[in-house]
Amino acid sequence: MKLVSWNINSIRQRHEHVQAFLTKEQPDWLFLQEIKCQNEQFPKETFEEMGYQVIVHGQKAYNGVAILSRHPYQLNHVVLPDLNEEEPQARYLEIESQGVILCNLYLPNGNSGGEEGFQRKLHFINALIKRAETLLINKQDCIFAGDFNICPTDQDFAPKTLSENDALIRTESRNGFYRLLWLGLTDALRALYPTETLYTFWDYTRGAWQRNAGLRIDHALLSPKMAEQLKSFTIEKSERDKEQPSDHVPIIIEF
DNA sequence: ATGCCCCCAAACTGGGGA
């Protein structure tokens, strides 16, 4: 079983990258974040022709998430249950497929919109914690994967890439991430690579890719049984070398 | 030294977001 998560930074700009990637990797599921389009604008047919079912939760211009699935599925949520009334942004998509609850998420960055913008990030994390709690209490196999916009520790960002009050490394953001772990979820990458310095994102500016000035902000958190079955975690860095790449690369999780 | 990229609105450039 193979799951991929990829912040694509506009599906309309990079649908060909995704197509080539799917042909090569043939994942069971692909989580996409930052598709940056409305549902009607998503190139559904392209992927349906490749044998994928396409579930899109988009919005105009920004954000937006989608899941491509090679298996039958049930749609669970397009908004985190705890945010229902107050969430205007397309940042969450949850399905059940092959007996596993699959949660695709795109957390607010939290650096824009001042303190209020940062609070929205914390609200999202709290709603995520609530959702994880519910699923784990009910003993459901689940995977939370996506762009968390959080560097869990100081090892997860290159020196001098972030200021000390950046929303990606603020204590409140990190505590939210740790609370998810304390609930019993496993950080899949750290389960296999406890000490290596590894990144999933490199800024377009300042030659960040060439200098390896990256961040680890794309994560996969696994419920206990999924963690037992974890076989490999691959950061597909080759995608960052392609023409007009996304600033994030895919993370491939195999069970 | 923000050296990039994407989106949109209203234009052939600027602002916002990341």
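Chain letters run A, B, ... following the sequence lines, proteins first, then strands; residues in each count from 1. All values reported here derive from a predicted model rather than from experimental measurement.
- A distance of about 23 Å separates the C1' atoms of B:dA1 and B:dT13, rounded to the whole Å.
- Backbone-only contact: A:Arg91 has heavy atoms under 4.0 Å from sugar-phosphate atoms and none from a base.
- Remark: the separation of the C1' atoms in B:dA10 and B:dG14 is 10 Å, to the nearest Å.
- For the atom pair CZ (A:Phe31) and CD1 (A:Ile251), the distance works out to 9.5 Å, reported to the nearest 0.5 Å.
- Rounded to a whole angstrom, the distance from the C1' atom of B:dC8 to that of B:dA18 is 16 Å.
- Summarising the local packing, CD of A:Glu16 is surrounded by 12 or fewer heavy atoms from other residues, nucleotides or ligands at distances under 6.0 Å.
- Here the separation of B:dT2 from B:dG15, taken at their C1' atoms, is 15 Å to the nearest Å.
- Side chain to side chain, A:Asn9 and A:Glu34 fail the donor-acceptor criterion of an N or O pair below 3.5 Å.
- Near-neighbour residues of DNA chain B inside residues 205-219 of chain A, defined by a heavy atom below 4.0 Å, number-ordered: A:Thr205, A:Arg206.
- B:dA11 and B:dC6 are spaced 24 Å apart, taking the P atom of each and rounding to whole Å.
- For B:dC4, there is no paired base (Watson-Crick or G-U wobble, both distances below 3.5 Å).
- For DNA chain B, the outermost nucleotides in 5' to 3' order that have an atom under 4.0 Å from a heavy atom of chain A are B:dT2 to B:dA18.
- Projected onto DNA chain B by closest heavy-atom contact, A:Arg12 and A:Asn7 fall at different nucleotides, the more 5' of which corresponds to A:Arg12.
- With A:Arg206 contributing its side chain and A:Arg211 its backbone, the two residues share no donor-acceptor pair below 3.5 Å.
- No more than 12 heavy atoms of other residues, nucleotides or ligands shown are found within 6.0 angstrom of NZ on A:Lys225.
- With A:Arg174 contributing its side chain and A:Pro152 its backbone, the two residues share a donor-acceptor pair below 3.5 Å.
- Take the nearest nucleotide of DNA chain B for A:Glu34 and for A:Tyr204: the residue whose nucleotide is more 5' is A:Tyr204.
- The ring of A:Trp29 has its center closer than 6.0 angstrom to the ring center of A:His71.
- Within 4.0 Å (heavy atoms only), A:Phe201 reaches no atom of the nucleic acid at all.
- If you take CG on A:Asn76 and OH on A:Tyr92, they are separated by 8.0 Å, rounding to the nearest 0.5 Å.
- At least one test fails for A:Arg216 against the ring of A:Phe157: distance under 6.0 Å to the centre or angle within 45° of the axis.
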